[in-house]
Amino acid sequence: DSSTMRIIIKNAILNNFENVEVYEAKDGKKALEVLEKNPDINIVFMDWNMPVMNGRDAVIKIRENEKFNHIKIIMATTEGSSDKAKEMINYGVKGYLVKPLKPSSVVPVAEKMIELVKEERNV
């Protein structure tokens, strides 16, 4: 949700990967609107705590829509407890980042998700 976090993620992705498009949304509701307009998005970085619609509720909405089953979701949060991580995994989150974010923490998670997307396409 924060512009600073979006800048860190966007720059980490654009500076380390080729042939990618990055879309931004300031809250979960806007994220759903972006996905509706761009259903071919493969990876979503989302904050757990956002205004309007939080990350948990946005993930639930994404997972309710069958056309978004392919999306890999990485959740960023200050919540470091294992209970939160388990809850996120139960909602279909594939990766987890603890804030404050650094580009060096974003890139390995993005690489892992890109590999998952490639593997699924080759099946």
Side-chain angles (χ1 to χ4, degrees):
D1 78 285
S2 79
S3 60
T4 302
M5 189 171 96
R6 291 194 319 265
I7 289 168
I8 290 169
I9 292 171
K10 182 178 180 177
N11 288 340
I13 299 301
L14 293 175
N15 291 334
N16 289 280
F17 301 96
E18 295 178 356
N19 302 316
V20 296
E21 291 182 57
V22 176
Y23 301 89
E24 296 181 52
K26 62 182 178 178
D27 59 58
K29 186 173 186 259
K30 293 284 183 197
L32 292 172
E33 292 170 10
V34 169
L35 289 174
E36 284 294 334
K37 292 177 186 173
N38 304 281
D40 293 335
I41 288 174
N42 291 304
I43 301 169
V44 171
F45 285 85
M46 186 167 314
D47 197 331
W48 188 258
N49 298 306
M50 294 186 291
V52 183
M53 180 186 293
N54 66 34
R56 177 188 167 275
D57 293 345
V59 168
I60 290 169
K61 290 284 188 193
I62 290 168
R63 291 300 178 228
E64 287 175 351
N65 191 328
E66 197 172 293
K67 71 180 174 183
F68 299 141
N69 284 345
H70 68 282
I71 295 175
K72 309 299 176 248
I73 302 172
I74 298 114
M75 189 66 72
T77 183
T78 55
E79 309 286 338
S81 75
S82 62
D83 288 342
K84 281 287 185 199
K86 287 177 188 172
E87 183 179 2
M88 288 187 265
I89 290 167
N90 288 336
Y91 289 123
V93 172
K94 300 291 184 193
Y96 183 87
L97 291 168
V98 178
K99 296 189 292 185
L101 295 182
K102 299 175 191 166
S104 61
S105 63
V106 172
V107 172
V109 174
E111 285 174 337
K112 181 178 178 182
M113 295 305 121
I114 290 168
E115 286 304 313
L116 287 174
V117 169
K118 287 179 181 177
E119 286 173 14
E120 288 178 4
R121 287 184 178 168
N122 290 331
V123 171

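What's counted below: heavy atoms across the whole structure, side chains too, no hydrogens, waters or symmetry copies. Along the sequence shown, residues are numbered consecutively beginning with 1.
In this structure, the side chains of K26 and V52 stay at 4.5 Å or more apart for every pair of heavy atoms. F45 places none of its side-chain heavy atoms less than 4.5 Å from the side chain of L101. Inter-residue side-chain proximity for I62 and L32 is flagged as met; some heavy-atom pair is nearer than 4.5 Å.
Both V109 and L14 are part of a single hydrophobic cluster, where members link through side-chain heavy atoms under 4.5 Å apart. By the criterion of side-chain heavy atoms lying less than 4.5 angstrom apart, applied directly or through intervening Ile, Leu, Val, Met, Phe, Trp or Tyr residues, I89 is not grouped with L97; the two fall into different hydrophobic clusters. Linking ILVMFWY side-chain heavy atoms closer than 4.5 Å, directly or via other members, places M50 and I7 in two distinct hydrophobic clusters.
Atom CG in N49 sits 12.0 Å away from atom CZ in R56 (nearest 0.5 Å). To the nearest 0.5 Å, atoms CG (N54) and NZ (K29) are separated by 14.5 Å. Note that the CG atom of D27 and the CE atom of M46 stand 10.0 Å from one another [nearest 0.5 Å]. Note that CG of L116 is 7.5 Å distant from NZ of K94, once rounded to the nearest 0.5 Å.
The shortest heavy-atom contact between G28 and A58 is CA-CB, 3.9 Å. Taking all atoms of both residues into account, the shortest heavy-atom contact from A110 to I43 is O-CD1, 4.4 Å. D47 approaches A76 most closely through the heavy-atom pair OD1-O, 3.0 Å. In plain terms, the two heavy atoms of V34 and A25 that are nearest each other are CG2-CB, 4.3 Å. Nearest approach of I41 to I71, heavy atoms of both residues: O-CG1, 3.3 Å.
For the side-chain contact (heavy atoms from CB on, under 4.5 Å) test, residues two or more places apart in sequence or in another chain that qualify with E115 are K118.
Residue pairs meeting the side-chain hydrogen bond (donor to acceptor under 3.5 Å, both in side chains) criterion with at least one partner in residues 30-43, sequence neighbours excluded, are Y23-N38, E36-N65, E36-K67.
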*asked:* Apply side chain to side chain contact (heavy atoms under 4.5 Å, CB included) to residues L35 and V44 and explain how you reach the verdict.
replied: CA-CA 9 Å; L35 289 174; V44 171; 4.1 Å; yes

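A donor-acceptor distance shorter than 3.5 angstrom exists from the side chain of K72 to the backbone of H70, with no hydrogens or angles considered.
In this structure, E64 places its CD atom where more than 12 heavy-atom neighbours from other residues, nucleotides or ligands lie under 6.0 Å away.
Inspection of the R63 and Y91 side chains reveals no N or O donor paired with an N or O acceptor under 3.5 Å.
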